[in-house]
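Notes for the one structure printed next.
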Amino acid sequence: MADGGQTTERTPREEAVLATLDRQAAALGHLRDLAESATGDDQALGWVTLEAAADRAVRDHEPLLRARRLEALAPDLAAHQAGLEHHRRAAAHALSLLDAGVRRDAERRRGRRVAVIGKGGAGKSMISATVARLLARQGRRVFCADLDSCHGTGYSLGIGTTFAELPPEALEEHGGSSYGWRLATGLLPHQAVERHAVTAPDGVRFLTLGKIGDPAEQRARRSVVALRQILGGFAEPGWDLVGDLEAGPTTPFERYHSFAEQVVVVVGPAWRSALTARRLLPIVAGVPTIIVSNRFRDEPDHEGLAPEVRVPFDPAVADAERAGLAPLDEAPGSPAMQACAQLVELLTRDLHQTDNHREAVR
Amino acid sequence: MRIAVTGKGGAGKSTVSGALARHLARRGHTVVAVDADPNPNLALCLGLPQETVETMEPILNALLASGHTHNDPKPDPEDLLTRYGLQAPGGVVVVATGKIERPSNACLCCGSHNTTRSFFGGLNADDRIVLADLEAGLNDLLWARPGPDDVVLAVAEPSAKAVEVARRAVAIAQGMGVQRILGVANRAESERDVAALSEALGIEVLPVAEDPAVEKADEQAMAPFDLDDTSPAMADIARLADWVLQA
């Protein structure tokens, strides 16, 4: 039977995918407008941000092109891919016309996208929160998301609570999205952050999942897709994103880290923490990783897990964690906080190294 | 009897579960230890060697490898236990529900929760103790669905975050009608740590002392129970066994 011109009915799943593509196309279009209309240094920042975003989008789009469940969307998927490639080429061309020094400065200003993973208790939240605040102290705009259904990051940020949920008006029910909810139509990721995120010390903007444990309301499930959409679709130039993932392999397996360009793997001194890290590395393969040893005393490195940063054991940090306070406020200048500053330096160093790595992976 | 051990990641669930299972087995009980964490470590805390722990085949991974799909009839939990259970020291039988190893298209995580539920509820617990060491966080507790006759241990270390997670775990268990819920103040360094947890949870709390022997065992990849079964923490976990067994 000929199907030319015939409109087929979309499944909820297909609708959700198309909505995601539309959202992505709108975000990249928005970035391109910003780059084209910006002047001076902001123009370079716009183009490097667009290039990175298009690059990430192309990478994320590839599995969709191969997905058998989405065969019916083949023309839409191909058109979207062409659009992504077009943005990528436009950005590369604009950047090729820029002075190398201007481009490097823009790369430094370009927002970092960092996911933090590790075994439970390894120190993910402490490191996420401290890194977020130290980035903000450099004058950068920072959005920190607690993706753990057992929130803890808020204490380490110093807001005295673990809870900063998206309000109901930022969410909408949708059958095709996993868990049945998504970010409200028309609400752009940076708008969600500007309107709804809590402002933590040093100006870090902060959101958490809803609370788990209320089976009737399913609040955690309701907000998880929206929070991931905010991280994945964020398109304002110059924002750093820090995502604190849930303990263990489940959320990396579900690719909660897919928004990130760098993954920090936190390893504690215990053998089991190292075992977890070894299990996590293949799950996040393809994204550059930085291994951080936390609560380091003087034990030998775990085999195959030589850390780039060692955060020493520090009783003052342990006391802050006990009390639910920010180590950065309670133990400023401590060796542990200095090590976190060292991690921030690594994260904000020239991204060329990671770019090369990405090329190699591709 | 069924026991579910829950709490924040790193709170000490596996350490407490492993030593508790060994203490219960020593008192003559048949103990089935279920590692419900997709990052399974319990076998190590029960005293199985590192190589065995890494090669151990969790139920879900084995079923998927053999071509089982969710359209096939649900396998009998007792049969799965016979096939995939491993004999650990002290007579404890240990089985893992599912391990996440690499990116794949199969949804292992819901599968592992599902396996936990059918296993925790489906195994005969009339004349033996089924002890489940749950995944970090609260999600697995919702899936495991302990009932009025079951025991829930909410483990916390002395950090504000861990105490908060335990507090919510207790509220969830109470909401499910669980009668016997105990708070476990792990790595307690003082009475104040125990009191803080007790006050937050509003239920009975027992301490498991901060103990260098546990840390030493972990660094050597062995079970604390096998390193020194009379160390302060192991002695405290013996008191947890008393509490669990009191009628």
Nearest 0.5 Å, please: how far is [atom2] in [Y] from [atom1] in [X]?
X      : Y      : atom1 : atom2 : answer
A:T162 : B:R168 : OG1   : CZ    : 6.5 Å
B:L44  : A:L275 : CG    : CG    : 7.5 Å
A:T250 : B:D140 : OG1   : CG    : 8.5 Å
B:E215 : A:E299 : CD    : CD    : 9.0 Å

Nearest atoms (heavy-atom pairs only) where [X] meets [Y]:
X      : Y      : value
B:K161 : A:S125 : NZ-CB, 3.4 Å
A:C150 : B:G137 : SG-CA, 3.2 Å
A:A323 : B:A160 : C-CB, 4.0 Å

**OP:** Mind ranking B:Q50, B:K8, B:K13, B:E157 by heavy-atom pairs under 4.5 Å with chain A and telling me who comes out on top?
**Re:** B:Q50
**OP:** Give, as side chain, backbone, both or neither, the part of B:Q220 having an atom under 4.5 angstrom from any heavy atom of chain A.
**Re:**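 When you check distances to chain A, no heavy atom of B:Q220 falls under 4.5 Å.
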**OP:** Report the option among A:G152, A:A247, A:G324 that has the most heavy-atom pairs separated by less than 4.5 Å from atoms of chain B.
**Re:**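 Maximum pair count with chain B is reached by A:G152.
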**OP:** Pick whichever of A:P249, A:G121, A:G268, A:S156 has the most heavy-atom pairs under 4.5 Å with chain B.
**Re:**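 Of the candidates given, the most pairs with chain B belong to A:P249.
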Original post:
Is it true that A:R322 and B:E189 have a side-chain N and a carboxylate O under 4.0 angstrom from each other?
Top reply: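 A salt bridge links A:R322 with B:E189.
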**OP:** Could you list the residues that satisfy ring pair (Phe, Tyr, Trp, His ring centres under 6.0 Å) with B:H23, not counting sequence neighbours?
**Re:**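 Here the qualifying residues are B:F225.
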**OP:** Output all residues satisfying ring pair (Phe, Tyr, Trp, His ring centres under 6.0 Å) with A:H302, sequence neighbours left out; order by chain, then residue number.
**Re:**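 Result, ring pair (Phe, Tyr, Trp, His ring centres under 6.0 Å) vs A:H302: none returned.
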Original post:
Is any residue of residues 199-213 of chain B within less than 4.5 Å of chain A by heavy atoms, and which ones?
Top reply: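 No residue falls under the 4.5 Å cut-off.
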Original post:
Of B:N39, B:N41, B:T15, which is the lone residue that meets side-chain hydrogen bond (donor to acceptor under 3.5 Å, both in side chains) with A:R272?
Top reply: B:T15
Subject >> Under 4.5 Å from any heavy atom of chain B - which part of A:A270 >> reply: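 Both backbone and side chain.
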May I have the list of side-chain donor-acceptor pairs in residues 145-156 of chain B shorter than 3.5 Å, sequence neighbours left out?
unit_1, atom_1, unit_2, atom_2, d
B:D150, OD2, B:G147, N, 2.8

